[in-house]
Participant: 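A single structure is presented below for examination.
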Amino acid sequence: VKAMASPSVLLGMAPTTSSTTMSEKPLEDTRGDYDNKAALYDVFRTPSPGLATLRPNLSFPAGSAICDLGCGSGVFIPTLLESEPSSCEANDPSEGMVKKTEERMSKIDTKGCTMTYSTDFVQDMASEKFDFIFCGQVLQNLTREADKAANARLDFLQNCHRVLKPGGKLVLTTRYAPPDGRWSDLYWYADPEIIPRAVEKMETMVPRDPLGEMNKAGFINCELGTDNDTVVNQEGGAFTTASNVKNPAFRAADSFWQWVDEADLKTRLESIEKMTADGTIDDYVKARDAKRAGRGHVAILIGHKA
């Protein structure tokens, strides 16, 4: 991976084959989450998480057919258009997100690129359709059922491989899980001492061995890197301002909150209120965020189809 921000890891892996398949569409049970929060999604979210590190890797030959798979509100598409693709499919199972992308692109010069918009699942796409796929922060949000997460990720990656043309390239981001700690170390509010069920569920959704999963799906010459962006904007201290957790727009910026049920949300908010009242909240947030040690939330994966 080019120009990786520190800390970074670079590894290459040889391809393997797998016969594992799933007939169901894993995003079916999470698409409503994104329809519900589409209007608030960008309020607290970091613009284009990981872009500084991603940018050198979001290039491809001019005239390519590309796809932004799980496009969200379309924040990465202007960067993708810089390489002058002939066509770009903006895809997201959430109609609300696709509508936001269409609104964004209606104000942007597409440089002659033919834009299409779809809510198709990757399982329904034609084989060997794209030269290049970008997929940002989808892999950890494929299902609401923890026991299906690993198979859902493998099925999704296998279908990404299938819809690429020979020689095609996938650039994918997901959440970073530090090999020497827990995913929750990077999110002060995801405290396993306070809301253990939600934290454990999210940690099942985030791949612990993303290169191994890419490898198993058939990709070759795979690379892994990280970026120091947090998914919630750090500007103005937004990410570490405890009172923001009460704001639905703050929670809409991080898919972790999808796994926090009403009871756990009540517990988390009450704990913040209690610490605010007794004057310990600032020290608590500082201690929790120290576990992050400046590390970001974005893992970057690159794989190629033979």
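Quick note: residue numbers are just sequence positions, from 1.
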Participant: Can you find a side-chain donor-acceptor pair between T46 and D229 that sits under 3.5 Å?
Facilitator: no
Participant: With rounding to the nearest 0.5 angstrom, report the CZ to CZ distance, R208 to R182.
Facilitator: 9.5 Å
Participant: Below 4.5 Å, heavy atoms only, C-beta onward: do P93 and T119 meet side chain to side chain?
Facilitator: no
Participant: If you count every heavy atom of other residues, nucleotides or ligands that lies below 6.0 Å from Q234 atom CD, does the total exceed 12?
Facilitator: yes
Participant: Are F219 and H161 close enough that their ring centers fall under 6.0 Å?
Facilitator: yes
Participant: Is K286 salt-bridged to D283, going by a charged N under 4.0 Å from an acidic O?
Facilitator: no
Participant: Does the ring centre of F256 sit less than 6.0 Å away from the ring centre of W183?
Facilitator: yes
Participant: Answer yes or no: is there a side-chain heavy-atom contact under 4.5 Å between I300 and V298?
Facilitator: yes
Participant: Which residue pairs pass the salt bridge (Lys or Arg N to Asp or Glu O under 4.0 Å) test with at least one member in residues 103-114, sequence neighbours excluded?
Facilitator: D42-R104
Participant: I'd like to know whether T240 forms a side-chain hydrogen bond (donor to acceptor under 3.5 Å, both in side chains) with D289, so could you lay out the CA-CA distance, the side-chain angles of the two residues, the decisive distance to 0.1 Å, and finally the verdict.
Facilitator: CA-CA 8 Å; T240 51; D289 196 47; 5.6 Å; no
Participant: More than 12 heavy atoms of other residues, nucleotides or ligands under 6.0 Å from NZ of K165: yes or no?
Facilitator: yes
Participant: When you compare the side chain of R175 with that of Q137, does any pair of heavy atoms fall below 4.5 Å?
Facilitator: yes
Participant: What verdict does the side-chain hydrogen bond (donor to acceptor under 3.5 Å, both in side chains) test give for T174 and Q140, after you've listed the backbone C-alpha separation in whole Å, the side-chain angles of each residue and the deciding distance to 0.1 Å?
Facilitator: CA-CA 6 Å; T174 185; Q140 72 276 6; 2.8 Å; yes
Participant: I would like to know whether V122 and M125 meet side chain to side chain contact (heavy atoms under 4.5 Å, CB included); could you show each step before the answer?
Facilitator: CA-CA 5 Å; V122 67; M125 291 181 175; 4.2 Å; yes
Participant: Apply side chain to side chain contact (heavy atoms under 4.5 Å, CB included) to L164 and K129, showing your working.
Facilitator: CA-CA 6 Å; L164 278 172; K129 184 176 183 181; over 6 Å; no
Participant: Taking 4.0 angstrom as the limit, do D131 and K169 come out as a salt bridge?
Facilitator: no
Participant: Mind checking whether L301 and V171 have side chains closer than 4.5 Å, heavy atoms only?
Facilitator: no
Participant: For Y189 together with W257, are the ring centres under 6.0 Å from each other?
Facilitator: yes
Participant: In the structure I gave you, are the side-chain heavy atoms of L157 and E213 within less than 4.5 Å of one another anywhere?
Facilitator: yes
Participant: Anything under 30° is parallel, anything over 60° is perpendicular, the rest tilted; go ahead and classify H297 against F239.
Facilitator: perpendicular
Participant: Hey, could you give me the CZ/NZ distance between R268 and K246, rounded to the nearest 0.5 Å?
Facilitator: 13.0 Å
Participant: Any side-chain heavy atom of V285 within less than 4.5 Å of one from R288?
Facilitator: no
